[in-house]
2 protein chains.
Amino acid sequence: MKMSDRKKKILQIVVDEYINTAVPVSSKSITEKHLTDVSSATVRNELASLEELGYLTQFHTSGGRVPSPQAYRFYIEELMERGNLSSQDLDYIERMFSSKSHDVEHLIKSVSEVISELTDYTSVAITPHAEAETIRSLSLLPCGDGTALLVIMTSERILRDSFISIPENMGEEELENASKMIGKIFAGKELGKVKEVEEEALSDFGQYRQVMREVIDALKLYTRPRDEDVVLTGAEKIFNHPEYEDVENVKNFLTVISSKDRLADIIEGENDEIQINVKIGSSGDSDVPDDCSVVTATYSAGGKNLGTYGVIGPIRMDYPKVITVLENVGKALEDLVNSKNKDRKDGNERKK
Amino acid sequence: MKMSDRKKKILQIVVDEYINTAVPVSSKSITEKHLTDVSSATVRNELASLEELGYLTQFHTSGGRVPSPQAYRFYIEELMERGNLSSQDLDYIERMFSSKSHDVEHLIKSVSEVISELTDYTSVAITPHAEAETIRSLSLLPCGDGTALLVIMTSERILRDSFISIPENMGEEELENASKMIGKIFAGKELGKVKEVEEEALSDFGQYRQVMREVIDALKLYTRPRDEDVVLTGAEKIFNHPEYEDVENVKNFLTVISSKDRLADIIEGENDEIQINVKIGSSGDSDVPDDCSVVTATYSAGGKNLGTYGVIGPIRMDYPKVITVLENVGKALEDLVNSKNKDRKDGNERKK
DNA sequence: GTTAGCACTCTCAACCTTTAAGTGCTAACG
DNA sequence: CGTTAGCACTTAAAGGTTGAGAGTGCTAAC
């Protein structure tokens, strides 16, 4: 059955209304507030039909209707009216982004905070996948006691570090030497491709084989995000939404967000091309809980991936608001990075 | 009024019973299970008296009695019977600690996990106060684009790093030079005392003044724990305790634990001397919520502070269990570090 | 296709009743 | 004088009843 325009209109009203009030919507309330030119009985017929199509459900006969996940998906695709942020909100974004130093590690926290604050939902953010990045330089710093600090710089300026152990009898000069040699091997390689050169690198490297081994193991670890790479902000915000007056739901939610690994899986989707990505309820694939929605956006600016950001909350989520915020934050971020790039270029020219 | 032995015995029974069952305890249940040689009426008299002394409260006349915070404090001081961990639990500790590389950053996560798992409460851990540590070395690594990475090694082998910006026109050799000079200034200084030498260091330092400024600012930041220094494990464990079937309580709890800053304040007490520290309910001082208890222990081994670890949960907490776990984990940790130190010493001797 | 009208269903809150638990008090006991 | 049995009293929790209110589905008429 093709959806008539009126059906669409009514569905839109139901979803809008339910998003705003969290109360099942009745035929009467529709004719009173929105569709004053038809009677409630007519609307009732349409509602029954929409229910048959799978867009609406009722908890019980006298309870009004509630949108199904399918309805939300349709709403986002076709019905939703985009809003604009208030100038207050825009100011807030500007203020939050203008102040601080902006390496990715700090940026990710500010952005997550802004998103949570503006949407009133819990925000999750994750640094870009490291796999695609190329290693720019790699150094080993002596720490004494048979350990060294491994510092890696990638093309995207992201830094990661970890300890590795080195032979007890390795002196500082020797370490420096090894550091330079190993650095040369990996410079320009993609992190994700370290595995492929593993054999070769090890066989070439009689002298510092053990150190090489450690470095490779560390590099391999970087393909998986560390706990610190996943940022969670505003967990307590869920209590602002009535579905979380039920402990059972809070329990579900808290269990999901308390594991950074799980969070990483949830917000790291197939977002290579998609700019904004909405998962509603148990879409089957990921381990998003049944009663949750996740909206994510992957930002990049100036050819640089800035990470994936998102919002997690009840299925009855204010999608227009959330999507508008995500878009505006994306724009602001782009401006920020571009203006910085420009500065940097100016600086470099001055340098010449 | 002096507490008779029988009063103490009864108070102990009440607390034990309430900790185990979460049900207000009645005079009848006491005489049935524990004090079979007196009648319930006698116990009733004692209970009334204990209530008058402030150790017990009742929600309503026919509801049995519940220990007050004061009772828990007394219980921990005088009444509690220490248990021992099962050999299973001891094995578990051993297994968890034996496997991995143990710089403090990783250690803190494993320890927190072990504590949460064994106690069945939410565990919080924080790295040692950096203020008292002395700087062992300090280096600046070039990152290009007018930024450098600051790497600091302290006496305790804890490493911390952050980006600072440097003049655009500063070459790599120059940076290396600055790094060495600045390093010399701070080597051997306590982190907490950076402020004191600030003026002096800056005035001495015409040439690299700007870089010095940045380094000092970064060093000053380190007196406050970073978010990454606070580890939270097993947040979802609170749902295993009946007090958190009430959303209001969960809300309180989640709000507290969702800010790492607040968590740091809570578990960082005046634990210079005290080995195990119990805060019950709103002790007035910190921002522990009214309905929560926090038990913390600060570990050190081989002269090295290994951080503060704790458990946060309902006032009706299984103190004997929690304290036993904290003690055993402390012992295990000490063994681990000592055996490592021994290895290291052996290694150094071999080196000579 | 739309509408008025009405019977039907269901929830929710208010109220009552009963039951069970546990106490406080009093008077008697050894 | 501490201990005890006995009993009246209080309260929460559970179950049942009722009435009001909300909303629907259906039918017959427009």
Side-chain angles (χ1 to χ4, degrees), chain A residues 1-11 13-15 17-18 20-68 71 242-243 245-246, chain B residues 1-11 13-15 17-18 20-68 71 242-243 245-246:
Chain A
M1 196 199 305
K2 183 86 176 50
M3 285 250 276
S4 69
D5 280 357
R6 193 172 65 185
K7 273 203 184 58
K8 287 186 188 170
K9 175 81 183 161
I10 289 178
L11 185 56
I13 292 169
V14 172
V15 177
E17 192 73 11
Y18 188 61
N20 284 325
T21 63
V23 172
V25 346
S26 72
S27 55
K28 201 172 134 214
S29 73
I30 293 177
T31 53
E32 273 171 0
K33 292 189 218 157
H34 305 277
L35 268 189
T36 43
D37 53 343
V38 290
S39 82
S40 68
T42 312
V43 174
R44 220 143 46 225
N45 288 332
E46 297 284 48
L47 289 178
S49 157
L50 281 167
E51 185 167 352
E52 209 162 319
L53 289 168
Y55 290 106
L56 299 177
T57 49
Q58 1 178 217
F59 291 128
H60 47 265
T61 14
S62 77
R65 257 102 175 182
V66 161
S68 68
E243 20 279 277
E245 271 157 32
D246 179 355
Chain B
M1 196 200 304
K2 182 88 176 50
M3 285 248 275
S4 69
D5 281 355
R6 192 171 64 183
K7 274 202 184 57
K8 286 185 189 171
K9 175 83 183 159
I10 290 179
L11 186 55
I13 292 170
V14 172
V15 178
E17 191 74 10
Y18 189 62
N20 285 325
T21 62
V23 172
V25 346
S26 72
S27 55
K28 203 174 133 209
S29 73
I30 293 177
T31 52
E32 274 171 359
K33 293 188 218 157
H34 306 277
L35 268 189
T36 43
D37 52 342
V38 289
S39 83
S40 68
T42 312
V43 174
R44 218 142 50 224
N45 288 330
E46 297 283 49
L47 288 178
S49 158
L50 281 166
E51 183 167 354
E52 211 164 316
L53 289 168
Y55 290 106
L56 299 177
T57 48
Q58 6 178 212
F59 292 128
H60 48 264
T61 12
S62 76
R65 257 102 174 181
V66 161
S68 69
E243 20 278 276
E245 271 157 31
D246 180 355

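Below, read A as the first sequence line, B as the second, and so on, with proteins coming before strands; counting in each chain starts at 1.
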Using whole Å, report how far [atom1] of [X] lies from [atom2] of [N].
X	N	atom1	atom2	value
B:Asn45	D:dT4	CG	C1'	9 Å
B:Lys7	D:dG2	NZ	P	10 Å
A:Leu47	D:dC26	CG	P	14 Å
A:Glu46	D:dG23	CD	C1'	18 Å
B:Asp37	D:dG2	CG	C1'	14 Å
B:Leu56	C:dT23	CG	P	11 Å
A:Leu50	D:dT24	CG	C1'	15 Å

Filtered N/O pairs between nucleotides 16-22 of chain C and protein, under 3.5 Å:
residue : atom : partner : partner atom : Å
C:dG22  : O4'  : B:Ser62 : O            : 3.3

| Residue met sooner reading DNA chain D from 5', once B:His60 and A:Ala41 are mapped to nucleotides | B:His60
Do [X] and [Y] make a side-chain contact, defined as non-hydrogen atoms from C-beta onward lying under 4.5 Å apart?
X	Y	answer
B:Ser39	B:Thr31	no
A:Ile30	A:Leu47	yes
A:Leu11	A:Glu46	no
A:Ile10	A:His34	no
A:Val23	A:Val25	no

| task | Grab the two heavy atoms, one from A:Ser40 and one from A:Ser27, that are nearest each other, plus how far apart they are. | result | O-CB, 3.7 Å
| field | Exercise: identify the closest heavy-atom pair between B:Ala71 and B:Tyr55 | value | CB-O, 3.1 Å
| Rounded (10°) bend between the five-pair end axes of the helix from C:dG1-D:dC30 to C:dG30-D:dC1 | 20°
| Going from CD on B:Gln58 to OG1 on B:Thr61, what distance comes out if it is rounded to the nearest 0.5 angstrom? | 7.0 Å
| task | Ignoring backbone atoms, establish whether B:Thr42 has a side-chain N or O less than 4.0 Å from OP1 or OP2 of D:dT4. | result | yes
| note | With B:Glu51 as partner, the option from B:Arg44, B:Arg65, B:Lys7 fulfilling salt bridge (Lys or Arg N to Asp or Glu O under 4.0 Å) is B:Arg65
| Residue A:Glu51, side-chain heavy atoms: nucleotide from D:dA5, C:dT2, D:dG25 that is nearest | D:dG25
